Amino acid sequence: MKIPQRGTAAADLFDQLEAYRANDLQWRGGRAFAYVYHAGAEAEAVAKEAYSRYLSVNGLDFTVFPSVRRLETEVAAMCASHLSAGPEAVGSFTSGGTESIMLAVKAARGAAKAKGGVPGTPEVILPVTAHAAFHKAAHYLGMKCVSIPVERATMQVNVADVAAAINENTVMLVGSATSYGPGVVDPIAELGELAQRHALWLHVDGCIGGFMIPYFRRLGAAIPDFDFRIPGVSSISMDLHKYGFAPKGASVVMYRTAEHRRHQMFAFSGWTGYTIVNHTVQSSKSGGPLAAAWAVMRFLGDEGYLAIAEKLWEATNAICDGIEAMDGIELLVRPQMCLIAACSTSVNI
Ligand SMILES: *Cc1c(COP(=O)(O)O)cnc(C)c1O
């Protein structure tokens, strides 16, 4: 394909776009898991309007677009207070869970280096159930991941195994809240104690679970503390484009203090162009995802999210009860999140 010599009428282009997506996942019918998180037509309309108003705004430079910085600070503050952070906490808005995790891994690597560094390749110790984004971050950042098995009964990482894997090159421990698939929270309090004992960075990956589990707890679910209430937690990632119901391109990475975030930054003035001061991976970026996330969070509000959580938790438990009552298929584990993993030794799953 070449750039067409003559422009095409807008109506024709939109027809073509609709035709192109005929074979895409149909996510509005209530039968699609993951990929698209839909909180109804009203929230979608609010997101669209906010997104389009900030579509062409550039998040590159907050001295030129100070409203972007304000939106980011407000979104980060809402997220940090949702996860019981103290007044010292800071957060950054990113394009997704992968970027949030990559930045936290970079910050942990930088913090270790500032304390004198490690003799070999810096290592991240993580449960085998932790998201592949950590392996991607290690790949990008010249680090090594050490995967630790989980207990079959609980699908949680064994903290003694994590402790045994700590060595002079370890810079970061990871726990999920929750894991993707099994939907369980790792023993974050024990990991926090371990991290403190060895002066290590502990990251909690709340990309999928972080937003909803505070609501499930309020609804009575037996889920232990997993957030900044645990003193050893250094950073938490939480996606807004999953159970925050914001459109894609929306996540936050939060840190206990600004000092923790210091090594996330990149600044450079040694070229002939403009001075670069980037706190995230992207440099020029649309303000759309940020404005949409800000608008959806404030449109739904705490009550709106709690009402959604109630339906999700009820449906999760109904499906889990149903699976438990069936022969030939069983739950991998009873989830602490609206994620369900089923398995079988007798039927083709
Ligand atoms: C989705 C997910 C990620 C990665 O997020 P992206 O937004 O897809 O980059 C990381 N961790 C967990 C637990 C996730 O569910």
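Remember, it's 1-based here, ligands and their atoms both numbered in the order they're listed. Note that the structure is a prediction, hence the values are computed from the model and not measured.
Between D205 and S237, the side chains place a donor N or O and an acceptor N or O closer than 3.5 Å (distance only, hydrogens not considered). At a cut-off of 3.5 Å, with distance as the only test, no side-chain donor of S286 or Y51 sits close to an acceptor on the other residue.
Looking only at protein heavy atoms, the nearest one to atom 14 (C) of ligand 1 is K242 NZ, 2.9 Å. Regarding atom 10 (C) of ligand 1, its nearest protein heavy-atom neighbour is H131 CG, 3.2 Å. Atom 11 (N) of ligand 1 has as its closest protein heavy atom D205 OD2, 2.6 Å. Scanning the protein for heavy atoms near atom 6 (P) of ligand 1, the closest one is G97 N, 3.5 Å. Of the protein's heavy atoms, T98 OG1, 2.6 Å lies nearest to atom 9 (O) of ligand 1.
D239 contributes a side-chain N or O that, together with a main-chain N or O of G97, makes up a donor-acceptor pair within less than 3.5 Å. With hydrogens and angles disregarded, no donor-acceptor distance shorter than 3.5 Å links the side chain of E99 to the backbone of T280.
Residue I230 comes nearest to R256 through the heavy atom pair O-NH2, 2.7 Å, listed as atom of the first residue, atom of the second, then distance. Closest non-hydrogen pair, M102 versus A137, comes out as CA-CB, 3.9 Å. Of all heavy-atom pairs between K115 and A199, the closest is NZ-O, 3.1 Å.
Atom numbering of ligand 1 starts at 1 in the shown order; those under 4.0 Å from a heavy atom of I208 are 13 (C), 15 (O). When each atom of ligand 1 is checked for a heavy atom of G96 under 4.0 Å away, the hits are 7 (O). Here is the list of ligand 1 atoms found below 4.0 Å of a heavy atom in C207: 2 (C), 3 (C), 10 (C), 11 (N), 12 (C), 14 (C).
Ligand 1 lies nowhere less than 4.0 angstrom from a heavy atom belonging to E99.
Checked against a 3.5 angstrom limit, the closest N/O atoms of H241 and ligand 1 fall inside it.
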